[in-house]
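Everything on this sheet refers to the single structure shown next.
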Amino acid sequence: MFDLSGKRALVTGASGGIGREIAKSLAAAGATVALSGTRVGALEDTAREIGENSPILPCNLSKLDEVDKLVPSAEAALGGIDILVNNAGMTRDNIFMRMKDEEWDEVIAVNLTAAFHLNRAVLRPMMKQRFGRIIGISSVVGVMGNPGQGNYAASKAGLIGMNKALAHEVASRGITVNSIAPGFIASAMTDELNDKQREQILSTIPANRLGTAQEVAGCAVFLASDAAAYITGHTLNVNGGMAMI
């Protein structure tokens with residue numbers, strides 16, 4: 001439905017789950033996709049699934065020296081970047097009274113600071129070509145909070161705020177900056193829930209089911225396409241009605 005032929009994309013956290021599906025869906029729409037993450041074997045699996053020339057660019061987003069090399073590496077491999085998807089994220093859950101400084105710092109570094117560095121790095125060439133799509137994968141937790149996830153909620157809310165601010169600055173240059181806030185998505189983690197935990201979660205979701213990574217990926221393809229050229233600074237909530245905002 002959406003044609004991304006000729007577009008070049010960098011997807012972080014492409015080694016599994018939502019990131020893998022976003023990369024596959026962008027490629028299916030015609031984009032050439034560079035895959036970044038920490039698990040090289042999983043990135044190679046994703047590249048094989050795509051079945052096209054997908055550069056693999058390992059990167060630990062908690063290390064700024066690696067972060068700052070990622071965009072130049074992707075530009076060299078792809079010939080430029082038209083689409084950036086900041087998907088990578090991590091959790092270090094704990095209640096506020098017990099949260100350690102390192103649990104806070106690491107989550108903010110990976111989920112927010114790395115996205116800031118990557119966003120900044122792609123701006124100049126995107127502005128020069130007068131086209132760009134920046135998409136941040138936030139979370140319903142960044143919208144409504146969640147006990148035991150103060151660090152994660154802060155990072156994901158910060159991503160939304162940062163993207164809105166950036167959207168103001170670059171809209172006139174043909175660059176859109178948007179966020180996607182998934183709710184509970186079926187994954188290896190949710191597969192481990194017991195029946196009581198699953199029932200409790202589903203009771204908060206009007207759609208009465210978990211979402212799929214493919215449904216999140218479809219939203220990313222839309223926001224990357226020309227069909228979304230007049231949408232910027234927006235947060236697309238993909239949560240089955242869990243938070244109607």
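A salt bridge links E215 with R209: at least one charged nitrogen is closer than 4.0 Å to a carboxylate oxygen. E21 and K24 are joined by a salt bridge, as a carboxylate oxygen and a charged side-chain nitrogen come within less than 4.0 angstrom of each other. Salt-bridge check for D45 with R48: passed, with a basic side-chain N closer than 4.0 Å to an acidic carboxylate O.
In the hydrophobic clustering of this structure, L112 groups with F116; members are Ile, Leu, Val, Met, Phe, Trp, Tyr whose side-chain heavy atoms approach within less than 4.5 Å, directly or through other members.
Looking only at atom types and distance, the side chain of D93 has a donor-acceptor partner in the side chain of Q149 under 3.5 Å away. Looking only at atom types and distance, the side chain of S179 has a donor-acceptor partner in the side chain of N163 under 3.5 Å away. Side-chain contact annotation: Q129 with D82, donor-acceptor N/O pair under 3.5 Å present.
When side chains are defined from C-beta on, L10 counts as touching S36, because their heavy atoms get closer than 4.5 Å. Under the 4.5 Å side-chain criterion, counting only non-hydrogen atoms from C-beta, M162 is in contact with N119. Contact of the L236 side chain with the I231 side chain is not registered, since no non-hydrogen atoms from C-beta on lie closer than 4.5 Å. Residues V11 and L84 form no side-chain contact, since every pair of their non-hydrogen atoms from C-beta on lies 4.5 Å or further apart. Side-chain atoms of I175 and M126, non-hydrogen and from C-beta on, do get closer than 4.5 Å to each other. Residues R20 and E49 are in side-chain contact: their nearest non-hydrogen atoms beyond the backbone lie under 4.5 Å apart. The side-chain heavy atoms of N239 and I205, taken from C-beta on, include no pair separated by under 4.5 Å. In this structure the side chain of T235 never reaches within 4.5 angstrom of the side chain of I180, judged on heavy atoms.
Side-chain N or O atoms of S54 include none that pairs as donor or acceptor with a backbone N or O of I50 at under 3.5 Å. Between the side chain of E66 and the backbone N or O of K63 there is no donor-acceptor pair closer than 3.5 Å.
For the residue pair M99 and N94, the shortest heavy atom distance occurs at CE-O, 3.2 Å. Listed here is the closest heavy atom pair of I137 and K156: O-NZ, 2.8 Å. For the residue pair I83 and A224, the shortest heavy atom distance occurs at CD1-CB, 3.9 Å. Among all heavy-atom pairs drawn from L43 and A14, the shortest one is CD2-C, 3.7 Å. Across all non-hydrogen atoms, the minimal contact from N111 to G89 is OD1-CA, 3.1 Å. Nearest approach of A167 to T232, heavy atoms of both residues: CB-OG1, 3.4 Å.
Surrounding CD of Q200 are at most 12 heavy atoms belonging to other residues, nucleotides or ligands under 6.0 Å away. Within 6.0 Å of atom CG in D195, 12 or fewer heavy atoms from other residues, nucleotides or ligands are found, so the atom counts as exposed in its surroundings.
The ring pair (Phe, Tyr, Trp, His ring centres under 6.0 Å) check on F131 picks up nothing, with sequence neighbours excluded. Every residue two or more places apart in sequence or in another chain was checked for a ring pair (Phe, Tyr, Trp, His ring centres under 6.0 Å) with F184, and none qualifies.
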